[in-house]
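In this text, all values refer to a predicted model and were calculated from it rather than measured experimentally.
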Amino acid sequence: MKIAYITYEDEGKYTAPVGGDEEGDLLRFLSSKGLSVHKEVWTDPAVRWEAYDLALLKSPWDYFDKIGSFYAWLDTIRAAGVRLLNPVEVVRWNSDKHYLADIAAAGLPVTPTLFLEKDTRPDLTACFDQFGTDRLIVKPCVSGGSKNTFALTREQVAESSPRVEELLKQEAFMAQPFIEEIRTEGEWSLLFFGGQFSHCVLKKAKPGDFRVQHYLGGTIHPQVPAADLLAQASAYVEQFAKGCLYARVDGTLINGRFVLMELELIEPFLFLFTHPESFENYFRALDRMVLSTVPGPVF
């Protein structure tokens with residue numbers, strides 16, 4: 001079985017040195033298991049995708065900058081008969097944060113969200129009123145790496161509305177109340193491989209910021225989640241990450257209840273360096289999933 005290990009062209013744009021080289025470390029680990037795995041850039045026109053049996057979607061970190069091309073690439077992978085992990089239909093759904101509405105409709109706790117659709121002129125004051133907050137977070141529906149993400153207070157509505165309207169000429173955005181617990185307590189990330197829990201970290205923003213990404217100065221703290229936290233996070237995976245090799249459930253605890261920020265199913269940093277069994281957990285999930293559909297030895 002020939003496996004494509006999917007990355008992006010400009011490596012380093014959305015990363016900072018933390019815990020070693022996750023991309024290279026995982027690739028080397030999989031190769032050490034005897035897998036025929038080859039690193040490929042998803043935008044490289046020279047790649048013969050039909051030569052592969054399986055594609056592991058590891059770090060296409062620029063997909064949201066090239067979303068049209070990314071959707072076309074997903075179609076190419078499907079047409080070539082390559083099995084993508086995570087599955088094509090799940091990846092397409094997860095690429096646009098309108099998916100949060102689907103999760104909320106299923107009855108699972110999600111950060112309150114209002115969608116500001118493309119080419120509209122939203123009433124930002126009404127957003128503050130609906131959420132009962134004095135601070136909003138505004139970000140694109142197709143985004144990553146805190147791209148075009150900013151905080152907004154009621155006092156800034158008049159000066160910020162033109163900026164928001166200009167951004168909406170390009171794409172849809174979403175508005176959410178600022179969650180104070182993100183700043184004070186941090187954001188949880190629970191990692192699941194093949195639907196089974198692997199490990200967990202708590203991410204904290206640097207002083208004066210609300211963004212927890214490590215390449216923006218955030219810090220990472222390995223944790224053992226309480227049983228109720230794990231059970232709450234598992235519910236999102238069970239309902240919305242079926243058939244996925246990996247899932248990262250990001251959220252915060254508000255009055256003891258886990259509230260989802262994002263369900264990461266495309267290109268999350270997996271924090272593999274934080275747990276001694278994480279690489280093995282990833283491989284075992286891959287082994288189970290491939291063996292479940294391919295008779296006999298595959299590696």
remark   = NZ (K39) and OG1 (T7) are apart, to the nearest 0.5 Å, by 5.0 Å
inquiry  = Within the structure provided, determine whether E117 and E171 are in side-chain contact (heavy-atom separation under 4.5 Å).
reply    = no
request  = Answer yes if I266 and L54 sit in the same cluster of Ile, Leu, Val, Met, Phe, Trp and Tyr residues linked by side chain heavy atoms under 4.5 Å apart, and no otherwise.
outcome  = yes
task = Decide side chain to side chain contact (heavy atoms under 4.5 Å, CB included) for I6 and L56; before the verdict, give the C-alpha distance in whole Å, the side-chain angles of both, and the deciding distance to 0.1 Å.
result = CA-CA 6 Å; I6 309 300; L56 303 180; 5.8 Å; no
ask   = Under 4.5 Å between any side-chain heavy atoms of E22 and D25, yes or no?
value = no
inquiry  = Using the rule that Ile, Leu, Val, Met, Phe, Trp and Tyr join whenever any side-chain heavy atoms are under 4.5 Å apart, tell me whether V37 and F193 fall into a single cluster.
reply    = yes
query = How many angstroms lie between NZ in K169 and CG in D119, if you round to the nearest 0.5 Å?
reply = 9.0 Å
task = Tell me, with the steps shown, if E181 and V259 meet side chain to side chain contact (heavy atoms under 4.5 Å, CB included).
result = CA-CA 11 Å; E181 286 82 355; V259 177; over 6 Å; no
request  = Look at the side-chain heavy atoms of Ile, Leu, Val, Met, Phe, Trp and Tyr, link any pair under 4.5 Å apart, and say whether L57 and Y52 land in one connected group.
outcome  = yes
inquiry  = If the threshold is 4.0 Å, N to carboxylate O, is there a salt bridge linking R121 and E165?
reply    = yes
Steps toward side chain to side chain contact (heavy atoms under 4.5 Å, CB included) verdict (K204, R183) = CA-CA 7 Å; K204 295 188 176 183; R183 186 183 66 81; over 6 Å; no
inquiry  = Going by ring-ring contact (aromatic ring centres under 6.0 Å, His included), name the residues that satisfy it together with Y71, two or more places apart in sequence or in a different chain.
reply    = none
Closest heavy-atom pair and its distance - L168, L116 = CD2-O, 3.1 Å
task = Look only at the side chain of S160 and the backbone of V157, and say whether a donor-acceptor pair between them is shorter than 3.5 Å.
result = no
key: Proximity of Y5 and H38 rings by center, below 6.0 Å   = no
inquiry  = Would the distance check show the side chain of T252 and the main-chain N or O of E187 forming a donor-acceptor pair, the cut-off being under 3.5 Å?
reply    = no
Nearest non-hydrogen partners of S189 and L191, listed with the distance = O-CD2, 3.9 Å
ask   = Hey, is D53 close enough to K2 for a salt bridge, meaning N to O under 4.0 Å?
value = no
note = Closest non-hydrogen contact found for Y99 with L263 is OH-N, 3.0 Å
request  = Would you give the length of the straight line joining atom CE of M174 to atom CG of D96, rounded to the nearest 0.5 angstrom?
outcome  = 9.5 Å
query = To the nearest 0.5 Å, how far apart are CD1 in I137 and CD1 in I179?
reply = 9.0 Å
inquiry  = What's the separation between atom CD in E40 and atom CD1 in I3, rounded to the nearest 0.5 Å?
reply    = 12.5 Å
key: side chain to side chain contact (heavy atoms under 4.5 Å, CB included) between K118 and Q170, worked out   = CA-CA 7 Å; K118 185 175 181 290; Q170 305 301 319; 5.7 Å; no
key: Test log, rule salt bridge (Lys or Arg N to Asp or Glu O under 4.0 Å), inputs E166 and R163   = CA-CA 5 Å; E166 190 64 29; R163 176 188 180 188; over 6 Å; no
key: Common cluster, L100/Y63, ILVMFWY with side-chain heavy-atom separation under 4.5 Å   = no
query = Should S95 and L265 count as side-chain neighbours, where that means a heavy-atom distance under 4.5 Å?
reply = no
message = So does D228 get a backbone contact from the side chain of Q232, meaning a donor-acceptor N/O pair under 3.5 Å?
response = yes
key: Close side-chain approach of F192 to S198, heavy-atom, < 4.5 Å   = no
key: Minimum-distance pair of heavy atoms, taken over all atoms of L136 and C127   = CD1-CB, 3.8 Å
message = With a 3.5 Å distance limit and no angle check, can you tell me whether T76 reaches the backbone of A72 through a side-chain donor-acceptor pair?
response = yes
request  = Please determine if E262 and K139 form a salt bridge, counting it only when a charged side-chain N lies under 4.0 Å from a carboxylate O.
outcome  = yes
query = Using 4.0 Å as the upper bound for N to carboxylate O, is an ion pair formed by R92 and D75?
reply = yes
query = Can you tell me if K97 uses its side chain to pair, donor with acceptor, with the backbone of S143 under 3.5 Å?
reply = yes
query = In the single-linkage hydrophobic clustering (I, L, V, M, F, W, Y; side-chain heavy atoms under 4.5 Å), do L286 and V88 co-cluster?
reply = yes
ask   = In a check of ring-ring contact (aromatic ring centres under 6.0 Å, His included) between F70 and each of Y8, F64, W42, which one passes?
value = W42
task = Check whether any side-chain N or O of S59 sits under 3.5 Å from a backbone N or O of W61 as a donor-acceptor pair, and report yes or no.
result = no
ask   = With a 4.5 Å heavy-atom cut-off, do K203 and W188 have their side chains touching?
value = no
message = I'd like to know if the side chain of T274 reaches the main chain of F271, judged simply by a donor and an acceptor atom lying under 3.5 Å from each other, with no hydrogens or angles considered.
response = yes
request  = Using modelled atom types only, decide if a donor and an acceptor are shared between the side chain of D287 and the backbone of F283 within a distance under 3.5 Å.
outcome  = no
message = Could you check whether any side-chain N or O of D250 sits under 3.5 Å from a backbone N or O of M261, counting only pairs where one atom can act as donor and the other as acceptor?
response = no
key: Side chain proximity check, D62 to E267, heavy atoms < 4.5 angstrom   = no
request  = Identify the two heavy atoms, one from V237 and one from A247, that lie closest to each other, and give their separation to 0.1 Å.
outcome  = CG2-CB, 4.2 Å
request  = Run the salt-bridge test on E280 and K33 with the 4.0 Å N-O cut-off and return the result as yes or no.
outcome  = yes
task = Return the minimal non-hydrogen interatomic distance between P268 and R248, and the atom names on each side.
result = CB-NH1, 3.8 Å
task = Kindly indicate whether the side chain of P109, heavy atoms from C-beta on, has any atom under 4.5 Å from the side chain of L260.
result = no
key: side chain to side chain contact (heavy atoms under 4.5 Å, CB included) partner of W73, chosen from L84, T43, V47   = L84
query = Are any non-hydrogen side-chain atoms of L152 and L124 less than 4.5 angstrom apart?
reply = yes
task = Give a yes or no answer on whether the side chain of Q156 reaches the backbone of T153 with a donor-acceptor pair at less than 3.5 Å.
result = yes
request  = Nearest 0.5 Å please: distance from the OG atom of S36 over to the CE atom of M1.
outcome  = 10.5 Å
task = Any ring pair (Phe, Tyr, Trp, His ring centres under 6.0 Å) involving residues 230-264? Give me the pairs, sequence neighbours left out, ordered by first then second residue.
result = W93-F240, Y236-F258
